[in-house]
Amino acid sequence: DDSIVTMYLTVRRGNAADNTDHSWSEVNGNSTYYYDEKGIPRYGVEGILQVGDESGPSPDQIGYGLNVPNATVQVRGKTSSKAEQKSFKIKIKSGAGSWRNQKTIALNKHPYDSTRIRNKLSYDLIKTVPGMIGLRTQFVHLYVKDQTGNDATGAKFVDYGLYTQVEQLNTRYLRNHGLDENGQLYKANMFEFQRYAETIKLKDDETYDQAAFEEILEIKGNDDHSKLIAMLDDLNNYSLPTEEVFSKYFDEENYFTWLAFQMLSGNQDITSQNFYLYSPQLSDKWYFISWDNDDAWSYGEDLMENGDMGYSYDRGISNYWGSVLHQRVLKSADYRKKLDDKVNEIRSLITRELLTEKVNLYSAVVKSYLFKMPDNMHAVSTESLYEQILQTIPLEIDYNYQMYLTSLDYPMPFYTASPVLTENGISYAWDPSYDLDGEAVTYTFELAKDHAFTQIISKQEGLVLPQTIGEKLATGQYFFRVTATNSSGKTQTAMEIYEGEDEIKRYGVRCFYVLPDGTLQDG
């Protein structure tokens with residue numbers, strides 16, 4: 001787990017047909033948002049990929065002695081592509097062999113992870129948990145020789161520091177791991193298991209739009225979507241019993257293990273993205289595969305930076321309430337018992353002692369790179385602070401378990417609707433909050449001129465119905481929030497989050513404007 005592979009990448013201008021006729025500075029100069037805004041494919045270059053050790057490429061490894069490109073290279077990632085240090089996707093050309101039976105090599109810099117170990121830690125732990133499907137990872141030391149400029153012959157290899165290679169999830173991955181390479185495989189981009197009838201369609205539908213489809217689910221395998229549509233139809237048909245739908249379409253062991261692992265690792269950014277769905281042929285079952293775990297094991301660092309924020313809905317069960325699948329499953333007491341059993345099983349496998357051992361193993365590798373050139377120019381913490389952050393990671397398994405238990409006692413979060421102008425004033429409405437213990441829930445509605453709610457215009461408490469009417473308002477900006485309280489006095493916010501100029505998240509706050517003509521518009 002702590003071994004390091006050294007890779008040597010020589011980059012050259014390619015050809016327009018492959019979109020590789022660009023300079024290395026052009027490839028590194030734009031985030032993936034730039035290409036999305038322009039509606040153009042990502043710039044690339046050709047490359048010679050060689051693998052070896054610190055003394056140079058090895059004769060028994062890919063690319064040794066090559067003088068012509070065997071790969072293409074692009075920037076990869078979404079938010080991380082905004083960072084100065086980029087992550088890369090290296091795609092080995094047809095007929096040019098493979099590296100460890102992989103044709104696509106993802107090198108991740110994890111620029112926003114101060115520890116640079118969270119993703120690898122999760123994947124290596126997943127290997128020890130029965131019921132999980134994971135990916136191989138490897139620390140990589142990368143050198144790049146840029147021959148796309150004017151002085152190609154004089155170019156030298158430049159140290160690009162430490163990366164983590166993560167196995168690419170594609171049909172080759174399925175084949176390599178004994179899974180069905182002809183099965184369905186989707187990457188969730190903004191997917192909460194709603195029906196999405198206007199977008200999720202069969203490919204032979206004349207209104208089918210693959211680009212729109214892939215904004216929700218990126219197609220990585222078989223593009224026959226009939227099985228996906230059947231699952232979503234049944235899941236969103238509330239006349240069908242949850243147990244019937246779940247047992248038909250999901251593998252109990254995989255689902256509850258995946259969900260329990262995410263809760264215990266504190267991986268919050270997982271409800272609508274950062275996972276794959278896989279289904280083999282001749283089966284209706286869908287399996288979850290973890291992807292992008294660098295948000296896990298991070299609460300300790302948040303605590304050091306922001307102090308104790310207490311319980312919020314993005315911890316424990318309530319974090320998953322916005323997903324149709326998770327909400328239907330977690331409303332069942334029998335299924336919550338299965339989840340609880342799985343949570344306790346994983347706690348017996350991933351102990352504080354094991355986490356301490358892993359963190360010490362990885363940090364010994366990372367520190368030898370992170371605090372020297374070139375990575376030290378982009379480190380987000382000092383070396384002493386880095387050590388403090390590492391010490392919090394083993395404690396998180398217990399903290400996240402407590403947050404899971406705490407979430408069971410609170411009413412569940414809910415969505416608010418846009419305010420509506422009526423003859424009688426402004427109508428405000430929200431979804432009902434659900435209490436797992438069946439306790440009665442009442443609501444408090446507040447309207448204010450500021451997001452801190454120091455300038456409150458109206459406050460209504462003890463509301464039984466999820467709606468209220470307020471008076472018409474003068475032109476300007478306004479904020480409202482709704483909180484749900486159960487009979488035990490536990491209070492929950494709505495799911496909306498407002499973030500002001502101070503970059504502080506305010507849970508349950510919604511902004512809107514009253515325009516000069518009296519109409520309303522969301523902020």
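No hydrogens, no waters, no symmetry mates; every other heavy atom, side chains included, goes into these values. Every value quoted in this text rests on a predicted model; they were computed, and no experiment measured them.
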**Item:** Minimum heavy-atom distance Asp294-Asn119, with the two atoms named
**Value:**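 What the structure gives for the nearest pair is N-OD1, 3.8 Å.
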**Request:** For Phe275, check ring-ring contact (aromatic ring centres under 6.0 Å, His included) against everything at least two apart and list the hits.
**Result:**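 Once residues adjacent in sequence are excluded, the partners of Phe275 under the ring-ring contact (aromatic ring centres under 6.0 Å, His included) criterion are Trp258, Phe288.
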**Asked** What residues, two or more places apart in sequence or in another chain, satisfy side chain to side chain contact (heavy atoms under 4.5 Å, CB included) together with Gln477?
**Response**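 Listed in chain order: Phe479, Tyr498, Cys511, Tyr513.
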**Item:** Those residues that, when tested against Thr406, pass side chain to side chain contact (heavy atoms under 4.5 Å, CB included) (two or more places apart)
**Value:**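 Result, side chain to side chain contact (heavy atoms under 4.5 Å, CB included) vs Thr406: Tyr311, Met403, Tyr410.
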Row check, [Y] ring normal vs [X] NZ/CZ: under 6.0 Å, within 45°:
X: Arg328; Y: Phe193; value: no
X: Lys82; Y: Tyr33; value: yes
X: Arg315; Y: Tyr404; value: no
X: Lys449; Y: Tyr478; value: yes
X: Lys203; Y: Tyr208; value: no

Hydrogens and angles aside, do [X] and [Y] bring a side-chain donor and acceptor to less than 3.5 Å of each other?
X: Asp314; Y: Tyr507; value: yes
X: Asn108; Y: Arg76; value: yes
X: His177; Y: Glu167; value: yes
X: Asn267; Y: Ser265; value: no
X: Glu496; Y: Thr416; value: yes
X: Ser323; Y: Glu192; value: no
X: Asp224; Y: Ser226; value: yes
X: Thr483; Y: Thr493; value: no
X: Glu26; Y: Asn30; value: no
X: Ser290; Y: Gln262; value: yes
X: Ser332; Y: Asp334; value: no
X: Thr164; Y: Lys120; value: no
X: Ser81; Y: Thr32; value: yes
X: Glu252; Y: Ser247; value: no
X: Asn222; Y: His225; value: no
X: Lys459; Y: Thr444; value: no
X: Thr171; Y: Lys220; value: no

Which value, rounded to the nearest 0.5 Å, describes the distance between [X] atom [atom1] and [Y] atom [atom2]?
X: Lys78; Y: Asn189; atom1: NZ; atom2: CG; answer: 8.0 Å
X: Tyr428; Y: Thr468; atom1: OH; atom2: OG1; answer: 9.0 Å
X: Ser433; Y: Gln492; atom1: OG; atom2: CD; answer: 6.5 Å
X: Leu259; Y: Met263; atom1: CG; atom2: CE; answer: 4.0 Å
X: Phe261; Y: Met132; atom1: CZ; atom2: CE; answer: 5.0 Å
X: His326; Y: Asn319; atom1: NE2; atom2: CG; answer: 9.0 Å

**Asked** Should the pair Phe246 and Phe250 be assigned to parallel (<30°), tilted (30 to 60°) or perpendicular (>60°) ring geometry?
**Response**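 Aromatic pair Phe246/Phe250 classed parallel.
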**Asked** Can you say whether the rings of Tyr443 and Trp430 are parallel (under 30°), tilted (30 to 60°) or perpendicular (over 60°)?
**Response**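 If you compare the ring of Tyr443 with that of Trp430, the planes turn out perpendicular.
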**Prompt:** Is there a side-chain contact between Leu421 and Lys472 (heavy atoms, below 4.5 Å)?
**Reply:**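 The answer is yes, as the side chains (C-beta and beyond) meet within the 4.5 Å cut-off.
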**Asked** Is Leu235 close to Leu240 at the side-chain level, that is, under 4.5 Å between some pair of heavy atoms?
**Response**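 No, every pair of side-chain atoms sits at 4.5 Å or beyond.
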**Request:** Mind checking side-chain hydrogen bond (donor to acceptor under 3.5 Å, both in side chains) for Asp251 and listing every partner two or more places apart, or none if nothing turns up?
**Result:**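 By the side-chain hydrogen bond (donor to acceptor under 3.5 Å, both in side chains) rule, Asp251 matches no residue at all.
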**Partners passing side-chain hydrogen bond (donor to acceptor under 3.5 Å, both in side chains) against Arg172 (at least two apart in sequence or in another chain)** =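 Per chain and number, Arg172 pairs via side-chain hydrogen bond (donor to acceptor under 3.5 Å, both in side chains) with no residue.
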Are the aromatic ring centres of [X] and [Y] under 6.0 angstrom apart?
X: Tyr434; Y: Trp321; result: yes
X: Phe480; Y: His451; result: no
X: Tyr186; Y: Tyr276; result: no

**Message:** Please determine whether the number of non-hydrogen atoms from other residues, nucleotides or ligands lying under 6.0 Å from atom NZ of Lys86 exceeds 12.
**Reply:**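 Counting neighbours around NZ of Lys86, more than 12 heavy atoms of other residues, nucleotides or ligands fall under 6.0 Å, so yes.
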**Residue pairs passing the salt bridge (Lys or Arg N to Asp or Glu O under 4.0 Å) test where at least one lies in residues 433-444, sequence neighbours excluded** =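 Listed by first then second residue: nothing to list.
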